[in-house]
Amino acid sequence: MLLNTTAAWSPLELLSAANGSSVLPGGAVGTPKDSFANALTKNIVAMLVWLTLSVINGSMVHTFLQHSLFYENPRYIMFVCMVVNDALQLSLVTALYVLSYVFRKIHASVCCCLIMTAVLTTRSTPLILAGMAVERYVSICFPLHYGQVCTAPRTFLVLAAILALAAAPPLSDLLVALAHEPPGFFRGAIFCDQPLLFRHRSVYYKNCAFDGVYLSFVALALLYTYCKIMLTARAASAGLPSVRKARNTVLLHGVQLLLCMLAFVVPSLQAALISLFPGLSLEIRYIFFLVVYIIPRFLSPVIYGFRDEQFRRYWARYLACWGPGPGLGPGLGLGPGRVRPLWLPQKVGH
């Protein structure tokens with residue numbers, strides 16, 4: 001039994017469970033029971049998923065940066081922030097998963113940075129989803145005011161507020177730990193697990209309250225925007241493609257939110273399944289690890305990268321032009337519709 005349980009498992013907690021390690025009373029770490037073949041297979045799968053998504057996400061970010069028409073559109077600004085957030089979280093979780101088979105204990109200060117970054121990126125995702133749903137709601141229900149309400153500067157202010165709100169819980173966890181832990185705690189080596197790092201009981205109650213409030217807010221925002229877009233679609237004399245696409249987009253955001261909220265029911269559901277099938281405990285933990293923290297990362301590219309017609313067109317053109325360009329070296333050909341990157345010398349008059 002863990003020293004402290006939290007309302008939702010962090011990626012690091014699922015990592016320790018997914019690779020077969022168990023945290024025992026007093027902070028001891030149980031011996032992994034995974035065979036070498038199973039461990040190798042799981043790590044290869046995790047690395048392949050990371051590599052695939054990294055290539056997709058990297059090409060999308062590059063497409064965004066290469067075309068100035070995306071810079072002033074709040075929709076694409078929030079999208080690229082979601083892609084970067086997902087890529088950071090996926091890279092961190094994958095690296096920790098692989099390293100957890102090599103190292104059992106790491107420096108507490110390094111573990112603290114890793115946990116805080118993982119919690120920050122995990123809690124940012126639902127808030128960015130809410131912001132993207134509100135942007136679609138304003139676009140469909142108040143099209144005449146869209147240009148005044150949704151601007152690039154306001155979008156950056158919203159993203160800054162999201163970052164501050166998502167950073168508040170891990171920063172407060174750190175302050176509680178600094179106030180209650182002995183002076184040399186962060187200079188020692190520990191098994192990198194959130195309950196073993198932030199051990200004070202107040203952290204548990206604080207995170208329960210925060211997670212309940214902010215997830216309820218996100219769920220209500222998605223439900224409200226979806227209902228309003230549905231009413232707008234019914235009021236229209238014909239089913240407008242833009243309204244249908246916006247409705248489906250918000251619905252996909254809801255599915256993505258449900259996948260994010262799985263982290264809050266995983267401990268009890270996983271425990272029930274393991275009690276029914278004790279011989280499959282490692283496989284059950286690994287599947288939950290994939291479902292909760294890996295599969296949701298596929299949805300962001302699907303929602304905007306593949307479904308958005310404008311972005312898909314430029315993205316496909318970038319992939320097609322990944323070969324040598326005329327006189328510019330590999331991958332730098334400036335085909336029709338592409339803008340000259342800022343770091344290339346601009347043409348002056350003839």
Side-chain angles (χ1 to χ4, degrees), residues 5-11 74-75 77-86 88-89 116-142 145-146 149-151 153-173 175-176 194 198 202-232 246-268 292-293 296-297 299-300 303-304:
T5 55
T6 53
W9 282 12
S10 70
R75 181 182 186 184
I77 294 174
M78 285 191 286
F79 161 64
V80 79
C81 287
M82 172 72 79
V83 170
V84 172
N85 182 79
D86 286 354
L88 178 61
Q89 185 191 32
M116 292 178 66
T117 306
V119 172
L120 172 66
T121 54
T122 301
R123 283 182 164 139
S124 296
T125 299
L127 296 175
I128 298 177
L129 288 176
M132 298 172 81
V134 171
E135 185 273 335
R136 288 291 81 201
Y137 160 70
V138 175
S139 174
I140 297 301
C141 299
F142 303 98
H145 303 282
Y146 180 83
V149 176
C150 297
T151 62
R154 289 184 177 178
T155 303
F156 289 118
L157 286 177
V158 170
L159 292 172
I162 288 174
L163 181 63
L165 189 58
L171 286 176
S172 61
D173 292 347
L175 293 177
V176 172
Q194 187 176 9
F198 303 124
S202 61
V203 172
Y204 166 74
Y205 296 112
K206 174 185 63 67
N207 287 337
C208 281
F210 177 86
D211 292 336
V213 170
Y214 107 110
L215 278 176
S216 299
F217 165 77
V218 173
L220 288 174
L222 290 176
L223 181 62
Y224 177 80
T225 53
Y226 180 77
C227 291
K228 295 295 288 186
I229 291 175
M230 283 287 291
L231 292 175
T232 302
R247 179 194 62 197
N248 294 335
T249 298
V250 175
L251 186 60
L252 283 173
H253 286 330
V255 174
Q256 196 169 6
L257 176 65
L258 289 177
L259 290 174
C260 293
M261 292 176 67
L262 282 176
F264 293 80
V265 299
V266 157
S268 56
V292 173
Y293 288 103
R297 308 283 82 79
L299 280 184
S300 293
I303 291 175
Y304 280 111

**Q.** Straight-line distance of T225 OG1 to R136 CZ, nearest 0.5 Å
**A.** 11.0 Å

**Q.** Spacing of CG belonging to N85 relative to CD1 belonging to I128, to within rounding of 0.5 Å
**A.** 4.5 Å

Q) Where do L120 and S124 come nearest, in terms of heavy atoms and distance? A) O-OG, 2.7 Å

Q: Evaluate the ring pair (Phe, Tyr, Trp, His ring centres under 6.0 Å) criterion for residues F198 and Y204: first the C-alpha distance (whole Å), next the side-chain angles of each, then the deciding distance (0.1 Å), finally the verdict.
A: CA-CA 9 Å; F198 303 124; Y204 166 74; over 10 Å; no

Q) Looking at P170 and R123, what are the two nearest heavy atoms and their distance? A) CD-NH1, 4.4 Å

**Q.** For the student: nearest non-hydrogen atoms of M82 and T125, plus distance
**A.** CE-O, 3.8 Å

(Q) Let's go through M116 and D173 carefully: what are the C-alpha distance in whole Å and the side-chain angles of both, what is the deciding distance for side-chain contact (heavy atoms from CB on, under 4.5 Å) to 0.1 Å, and is it a yes or a no? (A) CA-CA 9 Å; M116 292 178 66; D173 292 347; over 6 Å; no

Q. Which atoms form the tightest heavy-atom contact between R75 and Y146, and what is the distance?
A. N-OH, 4.5 Å

Q.
Donor-acceptor check, side chain of R154 to backbone of V149, threshold 3.5 angstrom: yes or no?
A. yes

Q) After noting the C-alpha distance and the side-chain angles of Y224 and V134, does the key distance pass the side-chain contact (heavy atoms from CB on, under 4.5 Å) rule? A) CA-CA 9 Å; Y224 177 80; V134 171; over 6 Å; no

Q: Provide the closest heavy-atom pair for P126 versus T122 in the form atom of the first, atom of the second, distance.
A: CD-O, 3.4 Å

Q: Would you check, one step at a time, whether the test side-chain contact (heavy atoms from CB on, under 4.5 Å) holds for V138 with H145?
A: CA-CA 8 Å; V138 175; H145 303 282; 5.8 Å; no

Q: Hey, could you give me the CD1/NZ distance between I140 and K228, rounded to the nearest 0.5 Å?
A: 13.5 Å

Q) Between S139 and E135, is there a donor-acceptor pair closer than 3.5 Å when you use the side chain of the first and the backbone of the second? A) no

Q) What are the two closest non-hydrogen atoms of S216 and G212, and how far apart are they? A) OG-O, 2.6 Å

